[in-house]
Amino acid sequence: MPNIPVAFGQQMQSILGEEFEAFMQSLDSQSPVTIRHNPFKFHPFNEGKEVPWCNQALYLPSRPEFSKDPYWHAGSYYVQEPASMFIGHIVKQLIENIDKPIVLDSCAAPGGKTTHLATILHEKGLLVSNEVIKTRAHILQENITKWGLNNVVVTNNDPSHFTKVRSFFDILVVDAPCSGEGLFRKQPESVSEWSENAVEFCSNRQKRILEDLWPSLKPGGFLVYSTCTYNTSENEANLQWLSEQYDVGSVEIKFEQEWNIHFKKQANLSIFRFYPHNTNSEGLFVTVVQKLEESDYKNFTHLKNPYFHKIVKEDFARLKEIIKGENIFLKQQPNGMVNLLPEHFYESTEFLATRLKVIYCGTPIAEVKGKDIIPMQGAANSIYLNINNFNRAEVDLSTAQKFLARQDFDLDTETGINLVIYNTVPLGWIKKMPNRINNYFPQEWRLRNN
Ligand code: SAM
């Protein structure tokens, strides 16, 4: 068991009462290994118990070496802690009665909840996935590209910047940075970072984040607030504070008793708590509230000086070949990069580009360089890729790993651009030359320690 601070033990004793011993014992047990499949890609895992609140996720009997698995690099699945998948369960219910929902995942890196939310919103809604820390925003962008859907915009902003985007989102997901008590079993190093001062610091930071983001939520919209910590300062007390500042209402979320989630109503608000001794997961706190305040604010979208350019006819005909499907909506960035956007949300993406630091918008599928059209990594990972329109280089496991590690390998394939495919799953692009192979797998994504 990690060396638990006395004050933490006392706190848990008072929260859990007679369940305290069972909780402490669970900290000595193994964390479960769970993956969530990408429903639009090949499913490599077939054995394992389903996560009760997510039918796309499985508990695996053992832990594979994920970083060496080509399917992991190709976005066939995401390794995600099971309790976190409950956020998807909630959002799925919230969007049932919303036409074309726009959702903000405000603290999104590395992207567990975001890839889940993008899946739920696929061909229905737009997801804005924000991360304030630049290096983490790039990891988020990588995971979203690999996932292969085109309904995500990634921003790299501080929560305070969202006051420029008022009454815009139907749902605001705040998976707040926290003191991490719920991760003590999985990441024992987080124990040494815990202190009562750290809890207070986190609680104040969470209030600031909520205060900054609140105006961006539409009247009638929903806030989903979560932390992976147990103390009440970062959880119930913040909710109490929120309901004193703003007009909020309760929201009913359907769930099954047999999932063993601690559920309570406090001041009429629904509160869910996950504990490792009950739910075969790490710890999580989640709640949902509805914004009841009125607002007469209207976002003014004008497309006089759009960020994206129209694509010239000849280029469009060739670019269309990369993607399958009828309604292909492509736009070009000033730097020549071409993105596959969700057409219905085009005006919203332009609006966001004028207000926020947008670092990714729909799937980047190709670059137009003079007469050349060069397919990009985003196209290889896209669920819309038209595989049949490319030369294909089918590779075995060892060659796939060399490709992903950007190591040298040889292949007997057509000269020119080839799509590298491992057991039906596209991994990326190479250019076969007479005496060498150019590897276009992004340098920053390469498999290390192969
Ligand atoms: N939602 C993510 C997922 O499912 O993969 C995990 C998010 S983690 C709990 C919290 C995130 O908040 C981190 O990525 C962290 O970088 C970010 N963060 C840190 N300080 C922040 C701040 N002041 N405002 C907003 N986000 C912050």
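Order of listing sets the numbers, starting from 1, for every ligand and every atom in it. None of the values given here were measured: they were computed from a predicted structure.
- Annotation: Gly111 places an N or O atom under 3.5 Å from an N or O atom of ligand 1; distance criterion only.
- Within the 4.0 Å heavy-atom shell around ligand 1 one does not find Ser84.
- With no hydrogens or angles considered, no side-chain donor-acceptor pair links Asp212 and Ser160 at under 3.5 Å.
- In terms of protein heavy-atom proximity, atom 27 (C) of ligand 1 is closest to Val132 CG1, 3.5 Å.
- Listed by atom number, the atoms of ligand 1 under 4.0 Å from Ile133 heavy atoms are 16 (O).
- For the ring pair (Phe, Tyr, Trp, His ring centres under 6.0 Å) criterion with Tyr77, the lone passing option out of Trp147, Phe40, Phe42, Phe45 is Phe45.
- For Ser179 and Glu234, the side-chain atoms include at least one donor-acceptor pair closer than 3.5 Å.
- Looking at atom 11 (C) of ligand 1, its nearest protein heavy atom turns out to be Cys107 CB, 3.7 Å.
- Distances from atom 1 (N) of ligand 1 to the heavy atoms of Asn157, Asp175, Leu183 show the closest one on Asp175.
- In this structure, Lys146 forms a cation-pi arrangement with Trp72, its terminal cationic atom sitting closer than 6.0 Å to the ring centre and no more than 45° off the ring axis.
- Near Pro110, meaning under 4.0 Å from any of its heavy atoms, are these atoms of ligand 1: 5 (O).
- Between Lys113 and ligand 1, a contact under 3.5 Å exists for at least one N or O pair.
- Here Lys265 pairs with Glu252 in a salt bridge; the nearest charged N to carboxylate O distance falls below 4.0 Å.
- Heavy-atom proximity to Ile209, at under 4.0 Å, picks out these atoms of ligand 1: 22 (C), 24 (N), 25 (C).
- Taking every non-hydrogen atom of Arg205 and a distance limit under 4.0 Å, the qualifying atoms of ligand 1 come out as 20 (N), 23 (N).
- Residues Glu350 and Lys331 are not paired through a salt bridge, judged by the lack of any N-O separation under 4.0 Å between the basic side chain and the carboxylate.
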Do Ile144 and Ser129 pass the side chain to side chain contact (heavy atoms under 4.5 Å, CB included) test, and can you show the C-alpha distance, the side-chain angles, and the key distance before you say yes or no? CA-CA 9 Å; Ile144 288 169; Ser129 216; 3.8 Å; yes
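- Distances shorter than 4.0 angstrom do not occur between any heavy atom of Gln80 and any atom of ligand 1.
- Set against the non-hydrogen atoms of Pro159, the atoms of ligand 1 under 4.0 Å away are 24 (N), 25 (C).
- Looking from atom 6 (C) of ligand 1 to the surrounding protein, the closest heavy atom is Ala109 O, 3.1 Å.
- A side-chain donor from one of Glu19 and His277 sits under 3.5 Å from a side-chain acceptor of the other.
- Annotation: Gly112 places an N or O atom under 3.5 Å from an N or O atom of ligand 1; distance criterion only.
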With side chain to side chain contact (heavy atoms under 4.5 Å, CB included) as the criterion, how do Leu284 and Thr279 come out once you've worked through the C-alpha distance, each side chain's angles and the decisive distance to 0.1 Å? CA-CA 10 Å; Leu284 187 79; Thr279 46; over 6 Å; no
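- The CG atom of Leu140 lies 8.0 Å from the CG atom of Asp105; values are rounded to the nearest 0.5 Å.
- Close N/O approach between Arg136 and ligand 1 is found [any backbone or side-chain N/O within under 3.5 Å].
- Thr349 places none of its side-chain heavy atoms less than 4.5 Å from the side chain of Tyr307.
- Every atom of ligand 1 with a heavy atom of Arg208 under 4.0 Å away is listed here by number and element: 23 (N).
- With respect to atom 18 (N) of ligand 1, the closest heavy atom belonging to the protein is Pro177 CG, 3.7 Å.
- If you check which protein heavy atom lies closest to atom 15 (C) of ligand 1, you get Glu131 OE2, 3.7 Å.
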